[in-house]
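To start, the structure itself, in structure tokens.
Just so it is clear, the values below take in all heavy atoms, side chains as well, and ignore hydrogens, waters and symmetry mates. Just so you know, ligand 1 is whichever comes first in the structure, and atom 1 is the first atom listed for that ligand. Given the structure is predicted, the values throughout are model-derived calculations rather than measurements.
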Amino acid sequence: MRPDGPDTIGGATGVAGLAVVRNGHIVDPASGRDEQGDLWMRDGRIVDRPTDDEAKGAAVIDAAGLFVLPGLVDLHAHLCEPGFEYRETLESGALAAAAGGVTAVACMPDTDPVIDDAPTVEFVRERATGAAAKIHPIAAVTAGRRGERLTEAGELAEAGAVALSDAGRSIRNPAILRRALEYSRMFDLPIFVHCEDPSLSAGGHMHEGSHATRLGLKGIPSIAEETVAARDLMLAEWTGGRIHVTHASTAVTVDLIRSAKQRGVRVTADASPHHLVLTDESLSTYDTHLKTNPPLRSKADVEALCAGLADGTIDAVASDHTPRSVDEKNTEFQEALPGATGLETMLAVVYTELVRPGLLSLGDAVKVLSASPAGILGIEGGSLAAGGPADLLLFDPDGTWTVDPASFRSRSVNSPFTGRTLEGCVTMTIAGGRVSYRRDTPESP
Ligand SMILES: [Zn+2]
């Protein structure tokens with residue numbers, strides 16, 4: 001486990017010293033708790049119940065009628081700084097995270113400059129000091145994400161990178177990925193792979209299938225993802241390296257991961273909320289906010305992803321929060337950049353679309369959003385056990401709200417869920433013992 005330094009403790013206004021979250025329904029799969037109770041914290045850590053004398057001086061947060069959940073850990077967000085601050089900054093991204101109940105975020109290296117050396121990793125960590133969520137940089141596998149020369153995995157790990165990824169690009173040269181996976185063993189850094197063969201996906205705008213044909217849009221075939229996933233899993237098996245398949249989107253990819261796990265390959269995987277909920281059929285309106293990479297897939301793919309999440313093949317749900325400016329989205333479908341924001345809607349989408357219909361238990365939903373991703377990154381958190389960081393959220397299961405990007409903390413408004421009514425809302429987020437988000441009006445989440 002990688003200890004967090006004081007530089008990563010986020011937060012603004014505070015619960016100082018001893019505090020108790022009282023009378024909530026605590027759901028913490030990591031410690032096996034699912035019960036009504038109190039949760040105590042002191043100086044940024046979760047603690048056992050203090051003596052009665054001490055308890056008298058505690059600040060009290062009333063959680064009656066609310067779930068108390070471990071703070072969410074997001075494996076995959078584009079926070080756009082340095083270089084694309086018009087879309088998002090580390091500060092605004094952390095505020096968006098806090099509003100979604102997320103207390104730790106792994107941010108992707110597709111910035112300008114690319115996060116591909118130790119000074120840039122340190123720059124991001126420095127810039128994120130005091131932000132509303134802990135920011136953990138993922139560094140590039142290859143210099144400039146160009147796929148040609150490996151970065152210095154040891155120095156990047158030393159500087160605080162939690163994983164390596166060429167973010168948004170597959171590693172074309174298998175010899176490069178082989179070496180990267182060998183280094184991943186040495187430094188215990190997972191390699192996050194984006195599985196896409198650009199020679200198969202080039203020029204495509206949505207999932208290849210009958211809906212693309214009807215809409216007259218060039219498709220991106222499932223096989224563009226699956227051939228690369230198969231190759232990357234074989235390389236992971238061959239090397240014994242750690243691989244993480246991020247934003248898996250097709251049924252065959254889920255099957256490939258499932259059988260790799262059965263063979264003992266060191267693979268983990270995540271899926272994004274939009275891939276678990278939305279299909280290519282929804283693109284009939286040519287809404288560019290539904291243009292993502294990977295594209296929204298077929299109903300059968302969505303069902304396979306949900307089944308994979310339920311049976312543990314897919315370990316985590318990750319937002320793939322990808323802010324885009326209004327200009328980058330308000331254009332012809334073919335011209336619009338792919339990407340969707342997700343930090344602020346992730347939990348409510350999972351709760352509304354997977355937990356409420358019975359596809360996933362609340363405990364399993366919490367696990368795939370907290371303990372599992374924390375384990376993949378090797379960071380603290382994802383648990384409400386005494387001794388861990390006081391990273392948690394209060395969730396009102398009856399708080400219905402309508403997604404309105406005007407209320408977003410993110411700098412960008414490109415949500416694929418705009419206008420959708422969601423059940424369950426985050427009422428408070430506490431990161432490192434400090435309140436990082438508090439819901440102010442019933443209408444804004
Ligand atoms: Zn991404």
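Ion pairing of Arg242 with Asp188 is present here, as a side-chain N (NZ or NE/NH1/NH2) and a carboxylate O approach within less than 4.0 Å. No salt bridge links Arg439 with Asp396; every basic N to acidic carboxylate O contact stays at or beyond 4.0 Å.
Residues satisfying the salt bridge (charged side-chain N to carboxylate O under 4.0 Å, His left out) test with Glu81, not counting sequence neighbours, are Arg127. For Asp74, there are no salt bridge (charged side-chain N to carboxylate O under 4.0 Å, His left out) partners at least two apart in sequence or on another chain.
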For residues 365-378, which side-chain donor-acceptor pairs fall under 3.5 Å, sequence neighbours excluded?
{"from": "Ser370", "atom 1": "OG", "to": "Val366", "atom 2": "O", "distance (Å)": "2.6"}
{"from": "Ser372", "atom 1": "OG", "to": "Asp315", "atom 2": "O", "distance (Å)": "3.3"}
{"from": "Ser372", "atom 1": "OG", "to": "Lys367", "atom 2": "O", "distance (Å)": "3.4"}

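Tally of protein N, O or S atoms closer to the Zn ion (ligand 1) than 2.8 Å: 3.
Checked by atom type, the side-chain pair Thr268/His244 shows a donor-acceptor distance below 3.5 Å.
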